[in-house]
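To start, the structure under review is shown below, and the notes come after it.
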Amino acid sequence: MRHSAFFLKPEEKEKNAAMVEWTEQERSIITNIFGNLDYEDVGSKALSRCLIVYPWTQRYFASFGNLYNAEAIKTNPNIAAHGTKVLHGLDRAVKNMDNIKATYAELSVLHSEKLHVDPDNFKLLADCLTIVIAAKLGSAFSPEIQAVPLKSAACATGEELWPLFMCVTSFQMKK
Amino acid sequence: MTFGSAKDKEVVKAFWTKLAPKADDVGADALSRMLAVYPQTKTYFAHWKDLSPGSAPVKKHGKTVMGGVADAVGKIDDLTAGLLDLSELHAFTLRVDPANFKILSHNILVVLAIVFPNEFTPEVHVALDKFLGALSRALAEKYR
């Protein structure tokens, strides 16, 4: 498997995604991090940060109420609830690490066919999640831990997508 | 390259005063993470003996990079003109693919979240993200 995934053909990416093999260390890093996360806190912070830092992502939340400014977003209960929901969705992948593609099949169709979310947005949310987790863990969020998703074959774009599960969700969409 | 509103510039400059004393460490950590998490970036540093996180060449270069960022903060009102020389350096001598500026910027933001968990609020994050984006575009000006 070539590392520089940017140049992979679609059928190669497909093959790579099916070939996810986690080392024991990667499994334990991921389960440890998620095991110690407060999903409500981290979820709401990550989603509200995404809506503030990348305001165009608000397009998907028109029915969520007041998003007029950063304060409104940070205190919006619908956003907080949805952030928690997203983290629980990620939890499903953590509990099914050897079968992420199948685990996310339905969610992928939902995001693509019903919600019409541009897959680029998953990377934006993933970046915000990385930053929120980094702020929580401090220097314990080492470069080695930050690098874990990149080593996974499912991360066909070759980019850091923490958590990489978002990558698989968008991958399904590109078919 | 014009960057942001007056408020954005205020936020960046204010945060920079907090960041400045730790700039060298932030630079070293950001660079370490970039090399570890995005191994394709190592191709630009094949001439270094040691590319591991926190190594001597990484620390030294992190300091150089943050010196450039400091310079940019001082020239925030006209980044294109201010970063002309650096742009020429990156375009003609270093020939760094500009996609990598985004990668390094991301890692700088991750380190800021670690070092300043309370001060690196979403409002500061967006201003800095915009600033680093404008800085990157100014650096890429001379490429073609």
Side-chain angles (χ1 to χ4, degrees), chain A residues 2-7 41-42 44-58 67 69-75 79 83 123-124 126-152 155 157-162 164, chain B residues 4-5 7-8 11-12 22 25-44 51-55 58-59 62 97 99-100 102-133:
Chain A
R2 278 180 282 153
H3 182 82
S4 183
F6 181 76
F7 301 105
D41 183 46
V42 170
S44 62
K45 283 189 172 138
L47 186 58
S48 55
R49 188 170 284 252
C50 186
L51 297 175
I52 293 167
V53 179
Y54 309 107
W56 54 92
T57 57
Q58 292 170 26
L67 301 177
N69 52 42
E71 260 324 292
I73 293 171
K74 283 193 251 189
T75 53
I79 295 296
K123 177 156 189 359
L124 301 179
D127 282 352
C128 288
L129 188 53
T130 302
I131 280 176
V132 169
I133 292 178
K136 269 223 135 152
L137 299 183
S139 48
F141 189 62
S142 65
E144 293 71 26
I145 289 181
Q146 188 183 345
V148 166
L150 188 65
K151 293 185 60 178
S152 164
C155 213
T157 63
E159 295 179 38
E160 173 199 356
L161 274 171
W162 177 265
L164 72 98
Chain B
S5 62
K7 181 94 209 321
D8 288 327
V11 172
V12 170
K22 304 191 182 178
D25 291 335
V26 167
D29 196 3
L31 206 58
S32 300
R33 285 170 190 275
M34 183 188 80
L35 296 168
V37 181
Y38 301 82
Q40 68 268 29
T41 58
K42 293 203 262 192
T43 55
Y44 293 99
L51 288 161
S52 58
S55 71
V58 169
K59 277 195 171 133
D97 188 322
N100 295 291
K102 202 160 204 266
I103 296 177
L104 180 55
S105 299
H106 168 67
N107 283 291
I108 289 175
L109 296 176
V110 170
V111 174
L112 293 180
I114 291 173
V115 177
F116 301 102
N118 299 315
E119 296 92 328
F120 190 63
T121 61
E123 294 88 328
V124 168
H125 180 167
V126 61
L128 278 173
D129 193 32
K130 285 170 74 175
F131 172 65
L132 291 174

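- The minimum heavy-atom distance between B:V126 and A:V53, with the atom names listed, is CG2-O, 3.6 Å.
- Minimum heavy-atom separation, A:P143 to B:R33: N-NH1, 3.6 Å.
- Between B:D129 atom CG and A:I131 atom CD1 the span is 7.5 Å, to the nearest 0.5 Å.
- For chain B, the nearby part of A:S142 is the backbone; its heavy atoms alone come within less than 4.5 Å.
- Contact count against chain A (heavy-atom pairs under 4.5 Å) is highest for B:A113 among B:A113, B:A127, B:P117.
- The side chain to side chain contact (heavy atoms under 4.5 Å, CB included) test applied to B:V124 returns B:V11, B:F15, B:F120, B:T121, B:L128, not counting sequence neighbours.
- Comparing A:C50, A:G138, A:P55 by how many heavy-atom pairs each has under 4.5 Å with chain B, the most go to A:G138.
- Of all the heavy atoms in A:S139 and B:I114, the pair that sits closest is N-CG2, 3.6 Å.
- Counting only residues at least two apart or in different chains, salt bridge (Lys or Arg N to Asp or Glu O under 4.0 Å) contacts with residues 102-128 of chain B comprise A:K74-B:E123.
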